[in-house]
Amino acid sequence: MDRSFYHFALRYRGGSKDDKKALFAEKMFRDPSFPKNEEEFDTLSRYVEDQADDDLGSITFDELYAIYEDVCSR
């Protein structure tokens with residue numbers, strides 16, 4: 001992959017308040033300890049699960065990571 005998950009997910013910032021991906025991206029952006037250079041699913045998933053925050057939810061992370069993998073594999 002040519003860029004981190006963090007940089008990929010930032011594209012979802014600024015969406016509606018009903019958009020879980022936008023909420024995830026905003027929460028991720030405001031989290032100074034989010035692993036910004038990470039690409040690996042397991043490391044990111046562990047971080048998200050440890051945070052246990054509604055806006056940084058694991059289901060939304062899984063959806064975003066699947067899109068990230070698809071985009072980066074092209």
Side-chain angles (χ1 to χ4, degrees):
M1 296 181 199
D2 61 344
R3 63 182 161 165
S4 70
F5 172 79
Y6 173 84
H7 288 100
F8 165 79
L10 286 179
R11 70 174 59 185
Y12 290 92
R13 280 186 72 215
S16 80
K17 295 183 182 202
D18 297 329
D19 182 352
K20 291 192 181 282
K21 292 178 184 79
L23 293 172
F24 183 98
E26 190 62 38
K27 179 72 175 191
M28 177 191 71
F29 176 75
R30 296 184 183 283
D31 181 351
S33 61
F34 193 91
K36 293 176 176 59
N37 295 313
E38 188 60 55
E39 298 175 6
E40 297 299 319
F41 177 85
D42 289 337
T43 303
L44 290 162
S45 180
R46 262 186 256 115
Y47 181 84
V48 169
E49 289 173 8
D50 288 347
Q51 295 310 302
D53 186 291
D54 289 341
D55 291 337
L56 201 62
S58 59
I59 293 171
T60 305
F61 166 73
D62 289 344
E63 292 172 6
L64 281 170
Y65 197 86
I67 297 167
Y68 170 64
E69 282 187 311
D70 184 49
V71 167
C72 290
S73 68
R74 294 181 193 167

Which value, rounded to the nearest 0.5 Å, describes the distance between [X] atom [atom1] and [Y] atom [atom2]?
{"X": "Asp70", "Y": "Tyr65", "atom1": "CG", "atom2": "OH", "value": "12.5 Å"}
{"X": "Met28", "Y": "Tyr6", "atom1": "CE", "atom2": "OH", "value": "5.5 Å"}
{"X": "Phe8", "Y": "Leu64", "atom1": "CZ", "atom2": "CG", "value": "6.5 Å"}
{"X": "Asp31", "Y": "Phe24", "atom1": "CG", "atom2": "CZ", "value": "9.5 Å"}

Task: Output field: ring centroids Phe5/Phe61 closer than 6.0 Å - done: yes
Of all the heavy-atom pairs spanning [X] and [Y], show the shortest one and how long it is.
{"X": "Ala25", "Y": "Ala9", "answer": "CB-O, 3.4 Å"}
{"X": "Leu44", "Y": "Pro35", "answer": "CD2-CG, 3.8 Å"}
{"X": "Val48", "Y": "Leu56", "answer": "CG1-O, 3.2 Å"}
{"X": "Ser16", "Y": "Ala22", "answer": "O-CB, 3.9 Å"}
{"X": "Glu49", "Y": "Ser58", "answer": "CG-CB, 4.4 Å"}
{"X": "Tyr68", "Y": "Glu39", "answer": "OH-CG, 3.5 Å"}

TODO: Check the pair Phe34, Tyr47 against ring-ring contact (aromatic ring centres under 6.0 Å, His included), reporting the backbone distance first and the verdict last.
DONE: CA-CA 8 Å; Phe34 193 91; Tyr47 181 84; 5.4 Å; yes
Open item on the list: Whether the side chain of Ser4 engages the backbone of Lys36 through a donor-acceptor N/O pair (distance < 3.5 Å, no angle test) should be reported.
Closed with: yes
TODO: Would you check, one step at a time, whether the test side chain to side chain contact (heavy atoms under 4.5 Å, CB included) holds for Lys27 with Leu23?
DONE: CA-CA 6 Å; Lys27 179 72 175 191; Leu23 293 172; over 6 Å; no
TODO: Give the C-alpha distance, both sets of side-chain angles, the deciding distance and a yes or no for side-chain hydrogen bond (donor to acceptor under 3.5 Å, both in side chains) between Glu69 and Ser73.
DONE: CA-CA 6 Å; Glu69 282 187 311; Ser73 68; over 6 Å; no
- [ ] Report, as yes or no, whether the 6.0 Å neighbourhood of atom CZ on Phe41 holds more than 12 heavy atoms from other residues, nucleotides or ligands.
- [x] yes
- [ ] Check the surroundings of atom CD in Glu40: do more than 12 heavy atoms from other residues, nucleotides or ligands lie under 6.0 Å from it?
- [x] no
Task: Pair listing, salt bridge (Lys or Arg N to Asp or Glu O under 4.0 Å) test, anchored in residues 9-25, at least two apart - done: Arg13-Glu26, Lys21-Glu63
